[in-house]
Amino acid sequence: MRVALFVTTVLTVSRVHQHYAVLANFRPVLLLVVAAAAYAYLNPRYLTRINVLTLWPMRLVAILGVLSCGSAVFGISLGATASFILDSYSKTVIYAFLLVVSIRHVDDLFTYVWAYVISCGILVFFSLFVFGITKSTNSYVTRLDHLYTYDSNDLGVVLLIGLALTLLLLQVARGPIRLFLLLNLAGIAAAIARSGSRGGFIGIVVVGAAALVMVNSVSFIRRLLILATASYALVLGAPPGYWDQMNTMLSPKTDYNFSSRDGRKQLLSRGFWYMSQYPVFGLGINNFGRAECTISPKIERPGQSGPLRCMAPHNSYMEAGAELGYPGFIAWVSIVIGGIVAMLRIRGRLPRSWQRGRDGERFMYEATTFFPLAMIAFAVTSFFVSFAWMDPIYILAAFISGWYIVVRGQIARLSEPDARTVALALGVIRKTTSGWRVRRSARWFRRARPVPASE
């Protein structure tokens, strides 16, 4: 099952199977997910014993799944929403839950992180040596084109998450494998340059600045050297017109996104209008484009030139809010913000010995920095693309949930003070006026480490 999920992650993120028509015709991702789900159903003893719905990321994912079904009934098109849920979104949610229930110990989580990083390595190779580059309209830059189901802006979201996870593996890897990770890091920067994406450029600047501040387990000089390597790769990989395209961000009012009827500014304005009209369940998941050509305010302005275009939202936050209403927006944004804040808060409460401990302990300790860094990368770059229902945020939610599962399993092996500190940070126990009490939702803690009422 774990092999199937590993390969599923590689194929889902890299889309490498779409490069080979024979392989794509077999729909390998669907087959692998079905195989993993069947194995999980037939062999529950190989799954985690923790109820994953007690973990806040997966609870929010489940809420989004329920709200998406409600949006099909109360949105603007039952058929379109139901088709998207059955064909795409349900598979994404099931895949995320399969990842979580298959994580029992640190090796499982470590393996899945490697799957994502390898996927980014494949994307980097294809971006540098396979995909062609062309000059598009309304652009100065010659950029990547024909990326199968991704476009050049999407690439920045996927690769910047991979950049953060590559840095995580660099903290625990030894030997020649570090060379691959360094090459992957430089390749990600070069591929983002070839994408010509302004959102990707903003993302790599923000992630670089955040890494300099957040990664305190590495010397400042070493951080600067890694940042300099990525910057050099970005400059080296920049295609003709790249810096001219980036300079347009200094004059936003002259950009088509500011002035055009279908630019990002007008899309945001119409998105807020959709939210006001459908505040509870939204337009229905994946119905933003349909609304643009059926109920959009721009239909009432026939004097404007140009064809009527059924535009995607080009903003994941607006996509979540317009298509699932305010409840969906709150749940979706909570995954993003919670993935950053919750992990950083826990970091200060982990045993300091983990920072210099065994490989598994170092990995779990460093994950509290680099999982939030990956979520920051998604938070910034997803503002410029329609990625609310795509796999990356659900993979990150699964990784964070897996981290909670693994750390809970470590409590029984910690000393009494460290166990209590970690359990308190995870919400396993709470302090009352009469002492320490185990939460009802974490009865397993009684078996792992009994807490006498006298304590």
Side-chain angles (χ1 to χ4, degrees), residues 1-18 20 22-66 68-69 82-119 335 360 363-364 389-412 441-448:
M1 183 183 67
R2 289 167 178 81
V3 171
L5 290 172
F6 179 93
V7 178
T8 299
T9 302
V10 172
L11 297 181
T12 298
V13 176
S14 71
R15 312 290 172 91
V16 64
H17 59 291
Q18 295 182 352
Y20 305 98
V22 175
L23 185 60
N25 290 336
F26 286 100
R27 304 188 69 180
V29 175
L30 176 61
L31 292 176
L32 288 167
V33 169
V34 170
Y39 195 92
Y41 177 77
L42 295 173
N43 298 277
R45 64 186 182 278
Y46 295 131
L47 308 179
T48 179
R49 296 183 179 181
I50 295 175
N51 179 5
V52 298
L53 288 177
T54 63
L55 306 171
W56 66 265
M58 302 317 297
R59 192 181 302 130
L60 289 172
V61 171
I63 289 172
L64 287 174
V66 173
S68 69
C69 295
S83 295
F84 179 76
I85 292 173
L86 293 174
D87 293 341
S88 180
Y89 191 60
S90 61
K91 299 171 188 175
T92 299
V93 173
I94 291 171
Y95 164 56
F97 272 96
L98 283 172
L99 281 177
V100 177
V101 299
S102 68
I103 295 174
R104 298 171 301 175
H105 43 69
V106 66
D107 289 344
D108 296 329
L109 181 58
F110 183 74
T111 300
Y112 293 147
V113 171
W114 258 111
Y116 195 103
V117 170
I118 290 172
S119 306
I335 297 177
F363 174 79
M364 299 307 297
W389 320 127
M390 300 288 280
D391 295 286
I393 187 173
Y394 300 93
I395 293 175
L396 286 178
F399 285 173
I400 293 170
S401 300
W403 184 92
Y404 279 100
I405 291 172
V406 174
V407 173
R408 285 184 177 187
Q410 294 283 342
I411 290 178
S441 61
R443 292 177 180 173
W444 58 270
F445 186 72
R446 298 180 190 273
R447 296 190 296 271

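- For the atom pair CE of Met1 and CG of Asp108, the computed distance is 8.0 Å after rounding to the nearest 0.5 Å.
- The minimum heavy-atom distance linking Ser119 with Val10 is given by the pair OG-CA, 3.0 Å.
- Note: Phe97 CZ to Ser401 OG = 8.0 Å, rounded to the nearest 0.5 Å.
- Looking at Tyr89 and Leu64, their side chains come closer than 4.5 Å, going by heavy atoms from C-beta outward.
- Inter-residue side-chain proximity for Phe6 and Ile118 is flagged as met; some heavy-atom pair is nearer than 4.5 Å.
- Contact check for Ile50 versus Tyr404: no side-chain heavy atoms found under the 4.5 Å cut-off.
- The two atoms that bring Leu53 and Ala62 nearest to each other are CD2-CB, 3.9 Å, heavy atoms only.
- A donor-acceptor contact shorter than 3.5 Å is absent between the side chain of Ser88 and the backbone of Ile85.
- To the nearest 0.5 Å, the span separating CZ on Arg59 from CG on Asn51 amounts to 9.0 Å.
- Contact annotation: the side chain of Leu55 approaches that of Arg408 to within less than 4.5 Å [non-hydrogen atoms, C-beta and beyond].
- No side-chain heavy atom of Trp389 sits under 4.5 Å from any side-chain heavy atom of Thr92.
- Between Phe399 atom CZ and Leu396 atom CG the span is 7.0 Å, to the nearest 0.5 Å.
- A heavy-atom distance below 4.5 Å is not found between the side chains of Thr111 and Arg2.
- Remark: of the listed residues Thr9, Thr12, Asp391, Thr8, Thr9 is the sole one forming a side-chain hydrogen bond (donor to acceptor under 3.5 Å, both in side chains) with Tyr95.
- With values rounded to the nearest 0.5 angstrom, Leu32 atom CG is found 6.5 Å from Leu11 atom CG.
- For the pair Thr48 and Ile103, the minimum side-chain heavy-atom distance is 4.5 Å or more.
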